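Bear in mind the structure is a predicted one, so any value in this text is a computation, not a measurement.
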Amino acid sequence: MNSASAVFSHIPGFVWAILAFILIMGLLQSRDQWMSKSRLKLVPMIWLAYGAWGVVGSFGPSAGAILPWVCGLIAGQMLVRRSGWPGTCHFDSARNLFFVPGSWLPLALMMGIFLAKFAVGMSTALHPELLNTPAFASSFSALFGAFGGAFLGRSRNILNCSTSSMIEGQFETS
């Protein structure tokens with residue numbers, strides 16, 4: 001058995017299930033869709049929790065891991081908020097739903113979180129001493145935070161569509 005097959009044979013089955021879930025969710029995000037306010041709030045919370053689990057599960061609840069995660073979270077959110085992504089969303093007050101244009105970026109972000117968590121797991125399985133390396137912990141923690149922050153920023157941008165749609169509607173009727 002070659003080394004790659006030996007490595008992949010030790011990956012637990014639930015990891016493949018998570019990957020399949022991410023691929024399905026990412027493919028769904030590539031299409032235009034209508035989303036409820038509760039779903040727009042839930043999605044980033046799931047990815048924030050997954051990223052936090054990756055940080056605490058790998059590096060423990062230390063300041064050296066949590067602080068970079070928070071910094072990455074703030075940076076990711078600010079970057080996406082300023083970018084305006086996802087762009088041309090709007091709120092339908094009659095249906096109480098938000099129109100969200102399809103994008104491949106959510107899949108890329110989800111895969112980024114998955115691959116970062118996978119890389120931490122594989123790296124520390126092969127080289128456990130990395131867990132005691134501050135640069136390793138802080139860089140991956142910041143990365144998990146940035147990915148989660150990007151989802152949070154996207155949801156906040158979409159939820160702000162309701163405010164801008166209501167304001168635009170007020171000006172149109174005047």
Would you give the length of the straight line joining atom [atom1] of [X] to atom [atom2] of [Y], rounded to the nearest 0.5 angstrom?
{"X": "F147", "Y": "K117", "atom1": "CZ", "atom2": "NZ", "value": "14.0 Å"}
{"X": "M25", "Y": "W47", "atom1": "CE", "atom2": "CH2", "value": "8.0 Å"}
{"X": "L73", "Y": "F144", "atom1": "CG", "atom2": "CZ", "value": "13.5 Å"}
{"X": "F98", "Y": "H90", "atom1": "CZ", "atom2": "NE2", "value": "11.0 Å"}
{"X": "L131", "Y": "T124", "atom1": "CG", "atom2": "OG1", "value": "5.0 Å"}
{"X": "I22", "Y": "L27", "atom1": "CD1", "atom2": "CG", "value": "12.0 Å"}

Assess the residue pair I11 and F118 against the criterion (side-chain contact (heavy atoms from CB on, under 4.5 Å)); give the C-alpha distance rounded to whole Å, side-chain angles, the decisive distance to 0.1 Å, and a yes or no. CA-CA 10 Å; I11 297 171; F118 189 82; 3.4 Å; yes

Show the atom names and distances, to 0.1 Å, of all donor-acceptor pairs under 3.5 Å that link a side chain in residues 150-159 to residues at least two apart or in another chain.
| from | atom 1 | to | atom 2 | distance (Å) |
| --- | --- | --- | --- | --- |
| R154 | NH1 | Q29 | OE1 | 3.4 |
| R154 | NH2 | Q29 | OE1 | 2.9 |
| S155 | OG | L40 | O | 2.7 |
| S155 | OG | F151 | O | 3.4 |
| N157 | OD1 | R81 | NH1 | 3.2 |
| N157 | ND2 | V80 | O | 3.0 |
| N157 | ND2 | W85 | O | 2.8 |

Which atom of [X] lies closest to which atom of [Y], heavy atoms considered:
{"X": "D92", "Y": "A94", "value": "OD1-N, 3.0 Å"}
{"X": "F140", "Y": "A116", "value": "CE2-O, 3.7 Å"}
{"X": "P68", "Y": "S138", "value": "CB-O, 3.4 Å"}

Heavy-atom count around M78 CE within 6.0 Å, excluding the residue itself: above 12? no

Do other residues, nucleotides or ligands put more than 12 heavy atoms under 6.0 Å from the CZ atom of R82? no

Would you find a donor on one side and an acceptor on the other, under 3.5 Å apart, between the side chain of T133 and the backbone of A135? no

Side-chain (D32) to main-chain (G102) donor-acceptor, under 3.5 angstrom: yes

Any side-chain heavy-atom pair of P86 and S103 under 4.5 Å: no

Sort out for me which residue in M45, R39, K41 forms a side chain to side chain contact (heavy atoms under 4.5 Å, CB included) with V43. R39

Only one of L48, L143, V56 clears side chain to side chain contact (heavy atoms under 4.5 Å, CB included) with W69; which? L48

Path from [X] to [Y] over hydrophobic side-chain contacts below 4.5 Å:
{"X": "V120", "Y": "L126", "result": "no"}
{"X": "L67", "Y": "F136", "result": "no"}
{"X": "I24", "Y": "W16", "result": "yes"}
{"X": "I113", "Y": "L28", "result": "yes"}
{"X": "L79", "Y": "V70", "result": "no"}

Would V15 and F114 satisfy side-chain contact (heavy atoms from CB on, under 4.5 Å), going step by step from the backbone distance to the final call? CA-CA 9 Å; V15 172; F114 176 83; 3.7 Å; yes

For L42, the other hydrophobic cluster members (4.5 Å side-chain criterion, sorted by chain and number) are I46

Linking Ile, Leu, Val, Met, Phe, Trp and Tyr through side-chain heavy atoms less than 4.5 Å apart, which residues share a cluster with F99? W34, L97

Look at the rings of Y50 and W53 and say which category their plane angle falls in: under 30° parallel, 30 to 60° tilted, over 60° perpendicular. tilted

